[in-house]
Novice: 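The structure under discussion is supplied below as structure tokens; questions concerning it will follow.
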Amino acid sequence: MLLNEYREEVFIEKKKLLLVTDVMSIGGVEKVIVNTLNGIDYSIFDVTLFIMYKTEGEISNIKKIPAMVNIQYLFNKPPKGAYQRILYYLFMFFPHTVINSFIVKESYDIIVTTKDVFSYPISVNKCKKVMWIHGGLEYLETENPSIFNKIKIWYKNRTYSKFNHILLLTNAAKKRFCNKYGTEDRCHVLYNPINNDEITKLSNEAVLDYEFKSDMVIICSCRLSIEKGVDRLLDACNKLFQEGYNFNLIILGDGPEKVNLMEKIQNNPLLNNKVAMLGFKENPYKYISKCNIYISPSITEGFSLSIAEAMILDLPIISTNCNGPKEILENGKYGLLVENTENGIYQGLKKIISNRDLIDYYRLKSGERKEFFSYEKNIRALEGILKEG
């Protein structure tokens with residue numbers, strides 16, 4: 001007698017996930033979204049990415065998003081000037097059900113937003129809701145306790161209470177958020193997922209637009225905005241050049257302060273001879289890997305992707321003492337943490353470039369810290385939060 005064998009196929013219904021953001025141009029949040037979408041398990045999740053508006057600078061990021069992600073836009077170009085502020089106020093205060101209908105066009109199991117402005121309309125949905133906050137939130141400690149701010153806190157708290165999970169980048173950011181809004185039961189620290197293997201692979205590419213002449217090259221890669229403190233870095237370097245220290249500085253990135261910083265360099269012969277502003281690079285890793293030291297001069301910083309990426313490439317780190325870097329470097333155990341001032345940057349640079357043994361020491365410490373940025377571990381942690389009942 002022949003026995004027929006049957007194989008029962010078990011079909012797992014995917015969870016429909018909507019990820020909501022404003023733009024996908026150059027920036028740390030956008031890089032995290034790309035890394036997340038390249039690591040998430042598509043046998044579990046059916047993913048839609050909602051982007052508020054298209055921008056010219058998004059092309060490289062959009063190309064990196066897997067083809068199975070459904071991408072939706074609200075606007076084909078960004079609003080200009082005051083119209084952008086008006087639009088954001090509409091998202092906050094116009095009837096949330098109406099605004100939500102422009103974002104959530106079908107039924108989802110999970111909605112994740114990376115921007116606070118979307119939390120208001122999204123809060124009306126009955127599905128699981130997750131807010132992923134990027135930033136150190138230092139401003140929460142210094143907010144003026146005015147009547148207006150008290151009303152704002154009440155309004156935000158009412159919205160946040162409707163979210164199942166709130167993700168923050170560091171323990172310090174979580175503490176600030178919970179102290180302000182009292183949401184300990186739903187707050188989690190989730191470190192940014194970083195694709196270690198891709199960074200290592202890209203770092204091996206040749207650099208064709210810069211000649212590494214000096215045996216001491218320091219690099220900084222960031223958005224060129226005031227809070228990144230690049231102007232302080234230039235002033236600190238200028239003092240060191242005047243004192244006869246010999247090194248070169250590379251600055252990668254773009255942003256609103258680019259013109260001011262370029263003028264500062266061009267108007268100073270010492271800086272003009274020693275500092276290269278190379279602009280935004282789709283592959284910054286090939287530059288970082290060929291340098292001796294990575295420096296972060298930020299005034300304020302959440303989880304610094306650039307520091308983490310430089311540590312993956314075994315670069316010794318100097319950073320100002322602010323929220324994210326302090327936690328990444330574990331209070332100076334894994335990198336040189338300096339006072340958050342121009343003089344602190346000056347003293348830190350002076351200390352490390354004068355001591356090759358110290359450079360070697362912090363290079364080893366960066367190597368030790370790599371596991372902290374495990375891509376697989378952080379992606380699986382995010383999936384675990386999303387799959388929770």
Side-chain angles (χ1 to χ4, degrees), residues 13-24 29-30 32-33 36-37 40 44-54 69-76 78-79 83-135 137 140 143 148-169 173-174 177-178 180-188 190 382-389:
E13 187 175 354
K14 293 183 181 181
K15 290 184 178 291
K16 293 185 67 177
L17 169 63
L18 176 65
L19 181 57
V20 180
T21 194
D22 55 353
V23 295
M24 279 301 295
V29 177
E30 293 74 25
V32 169
I33 291 172
T36 300
L37 292 176
I40 204 163
I44 300 173
F45 299 101
D46 180 5
V47 183
T48 298
L49 174 63
F50 172 92
I51 307 168
M52 192 170 178
Y53 43 78
K54 282 186 177 182
V69 176
N70 175 32
I71 299 176
Q72 299 176 354
Y73 291 94
L74 184 58
F75 300 110
N76 286 322
Y83 291 107
Q84 186 177 85
R85 184 174 293 273
I86 292 168
L87 184 62
Y88 277 67
Y89 278 123
L90 284 173
F91 270 66
M92 290 177 69
F93 300 114
F94 202 72
H96 295 160
T97 305
V98 176
I99 299 297
N100 182 67
S101 66
F102 290 99
I103 302 171
V104 183
K105 299 180 176 68
E106 57 186 282
S107 177
Y108 290 96
D109 299 298
I110 311 154
I111 302 176
V112 179
T113 178
T114 62
K115 300 291 181 178
D116 179 75
V117 70
F118 296 113
S119 65
Y120 307 100
I122 285 171
S123 68
V124 304
N125 291 279
K126 302 298 182 185
C127 64
K128 178 186 288 186
K129 297 174 288 292
V130 179
M131 185 160 63
W132 197 351
I133 298 172
H134 292 78
L137 307 181
L140 292 179
E143 270 191 332
F148 173 78
N149 278 335
K150 287 179 179 178
I151 293 170
K152 185 174 71 172
I153 290 168
W154 170 83
Y155 187 70
K156 285 175 174 281
N157 203 24
R158 190 180 69 164
T159 300
Y160 299 156
S161 67
K162 297 174 184 177
F163 278 73
N164 302 83
H165 299 287
I166 296 168
L167 310 181
L168 299 115
L169 298 184
K174 178 185 174 182
F177 190 87
C178 293
K180 182 68 72 172
Y181 301 109
T183 52
E184 282 104 331
D185 60 324
R186 67 198 68 196
C187 286
H188 312 266
L190 181 72
L382 174 61
E383 289 179 345
I385 291 168
L386 297 180
K387 288 187 290 185
E388 279 182 17

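Any value given below was found using the heavy atoms of this structure, including those in side chains, with hydrogens, waters and symmetry copies removed.
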Novice: Between Arg186 (side chain only) and Ser161 (backbone N and O only), is there a donor and an acceptor less than 3.5 Å apart?
Specialist: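 Yes, because the side chain of Arg186 sits within donor-acceptor range (under 3.5 Å) of the backbone of Ser161.
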Novice: How are the rings of Tyr181 and Tyr160 set to each other: parallel, tilted or perpendicular (split at 30° and 60°)?
Specialist: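 Judged by the thresholds at 30° and 60°, the geometry between Tyr181 and Tyr160 is perpendicular.
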Novice: Go through the steps to decide whether Leu169 and Ile133 satisfy the test side chain to side chain contact (heavy atoms under 4.5 Å, CB included), and finish with yes or no.
Specialist: CA-CA 7 Å; Leu169 298 184; Ile133 298 172; over 6 Å; no
Novice: Sub-3.5 Å donor-acceptor pair from the side chain of Lys387 to the main-chain atoms of Ile385, do we have one?
Specialist: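 Flag not set: sc Lys387 to bb Ile385 has no pair under 3.5 Å.
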Novice: Just so I know, are the side chains of Leu17 and Leu386 near enough to count as touching, which here means a heavy-atom distance under 4.5 Å?
Specialist: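 Yes, side chains in contact.
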Novice: Restricting to non-hydrogen atoms, name the atom on Lys115 and the atom on Thr113 that form the minimum distance, rounded to 0.1 Å.
Specialist: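 Minimum heavy-atom separation between Lys115 and Thr113: O-OG1, 3.0 Å.
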Novice: Just wondering, do Thr114 and Val20 contact through their side chains at under 4.5 Å, heavy atoms?
Specialist: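 Side-chain contact under 4.5 Å: no.
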Novice: Can you name the residues that form a side chain to side chain contact (heavy atoms under 4.5 Å, CB included) with Lys174, not counting sequence neighbours?
Specialist: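 With neighbours one apart ignored, the set is Leu168, Cys178, Cys187, Val189.
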Novice: Who are the side chain to side chain donor-acceptor pair (under 3.5 Å) partners of His96, not counting sequence neighbours?
Specialist: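 Side chain to side chain donor-acceptor pair (under 3.5 Å) list for His96, sorted by chain: Tyr155.
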Novice: Would Lys54 pass as a cation-pi partner of Tyr73, given that its NZ or CZ must be under 6.0 Å from the six-membered ring centre and within 45 degrees of the axis?
Specialist: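 Yes.
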Novice: Which heavy atom in Pro121 sits nearest to a heavy atom in Asn125, and how many Å separate them?
Specialist: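 So the minimum-distance heavy-atom pair works out to O-ND2, 4.1 Å.
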Novice: Decide side chain to side chain contact (heavy atoms under 4.5 Å, CB included) for Leu49 and Thr21; before the verdict, give the C-alpha distance in whole Å, the side-chain angles of both, and the deciding distance to 0.1 Å.
Specialist: CA-CA 8 Å; Leu49 174 63; Thr21 194; 4.3 Å; yes
Novice: Could you tell me the separation between the CD1 atom of Ile44 and the CD atom of Glu383, rounded to the nearest 0.5 Å?
Specialist: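 The CD1 atom of Ile44 sits 5.0 Å away from the CD atom of Glu383.
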Novice: For His165 and Phe163, indicate whether the former's side chain and the latter's backbone hold a donor-acceptor pair under 3.5 Å.
Specialist: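 Pair absent, no side-chain N/O of His165 close to backbone of Phe163.
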Novice: Could you state the interatomic distance from CG (Leu382) to OG1 (Thr36), rounded to the nearest 0.5 Å?
Specialist: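 One gets 6.0 Å once the value is rounded to the nearest 0.5 Å.
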Novice: Does the side chain of Ile153 reach to within under 4.5 Å of the side chain of Lys180, using non-hydrogen atoms?
Specialist: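 Yes. Closest side-chain heavy atoms under 4.5 Å.
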Novice: Are side-chain N/O atoms of Lys156 and Tyr120 paired as donor and acceptor at under 3.5 Å?
Specialist: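 Looking only at side-chain atoms, Tyr120 and Lys156 do form a donor-acceptor pair, the distance falling under 3.5 Å.
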Novice: Going by side chain to side chain contact (heavy atoms under 4.5 Å, CB included), name the residues that satisfy it together with Asp46, two or more places apart in sequence or in a different chain.
Specialist: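 Lys14, Lys16.
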Novice: Between Asp109 and Phe45, does the side chain to side chain contact (heavy atoms under 4.5 Å, CB included) criterion hold? Intermediate values first, please.
Specialist: CA-CA 10 Å; Asp109 299 298; Phe45 299 101; over 6 Å; no
Novice: Please indicate whether Phe102 has more than 12 foreign heavy atoms, meaning atoms of other residues, nucleotides or ligands, lying under 6.0 Å from its CZ.
Specialist: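 No.
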Novice: Side chains of Met92 and Val117: closer than 4.5 Å at any heavy-atom pair?
Specialist: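 Touching, per the 4.5 Å side-chain cut-off.
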Novice: Drop me the distance from Asn164's CG to Ile111's CD1, to the nearest 0.5 angstrom.
Specialist: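 Spacing of CG (Asn164) from CD1 (Ile111) equals 10.5 Å.
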Novice: Do Asn157 and Thr183 touch side chain to side chain, with heavy atoms closer than 4.5 Å?
Specialist: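 Yes - at least one pair of side-chain heavy atoms lies under 4.5 Å apart.
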Novice: Under a plain distance cut-off of 3.5 Å, with no hydrogens placed, do Ser123 and Thr159 share a side-chain donor-acceptor pair?
Specialist: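 Result is no, nothing qualifies.
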Novice: Do the side-chain N and O atoms of Gln84 and Tyr53 include a donor-acceptor pair separated by under 3.5 angstrom?
Specialist: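 On atom types as modelled, these side chains qualify, holding a pair under 3.5 Å.
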Novice: How many angstroms lie between CG in Leu18 and CG in Asn70, if you round to the nearest 0.5 Å?
Specialist: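 Leu18 CG to Asn70 CG: 9.5 Å, rounded to 0.5 Å.
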Novice: Working to the nearest 0.5 angstrom, can you tell me the gap between Glu30 CD and His134 NE2?
Specialist: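 If we round to the nearest 0.5 Å, Glu30:CD and His134:NE2 are 9.0 Å apart.
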Novice: Looking at Ser101, is its backbone amide N or carbonyl O close enough to the side chain of Lys105 to form a donor-acceptor pair, meaning the two atoms are under 3.5 Å apart?
Specialist: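 Not at all, since once roles are kept as given, no pair shorter than 3.5 Å links the two residues.
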Novice: Working to the nearest 0.5 angstrom, can you tell me the gap between Lys162 NZ and Ile122 CD1?
Specialist: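 Going from the NZ atom of Lys162 to the CD1 atom of Ile122 covers 13.0 Å.
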Novice: Is there a side chain to side chain contact (heavy atoms under 4.5 Å, CB included) between Leu74 and Phe50 once you walk through the steps?
Specialist: CA-CA 8 Å; Leu74 184 58; Phe50 172 92; 3.7 Å; yes
Novice: Run through Ile99, Val112, Asp22 and flag the one making a side-chain contact (heavy atoms from CB on, under 4.5 Å) with Phe118.
Specialist: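 Among Ile99, Val112, Asp22, the one that satisfies the side-chain contact (heavy atoms from CB on, under 4.5 Å) with Phe118 is Asp22.
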Novice: Mind telling me whether Phe91 and Tyr88 have parallel, tilted or perpendicular rings, with 30° and 60° as the class edges?
Specialist: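 Rings of Tyr88 and Phe91: tilted, 30 to 60°.
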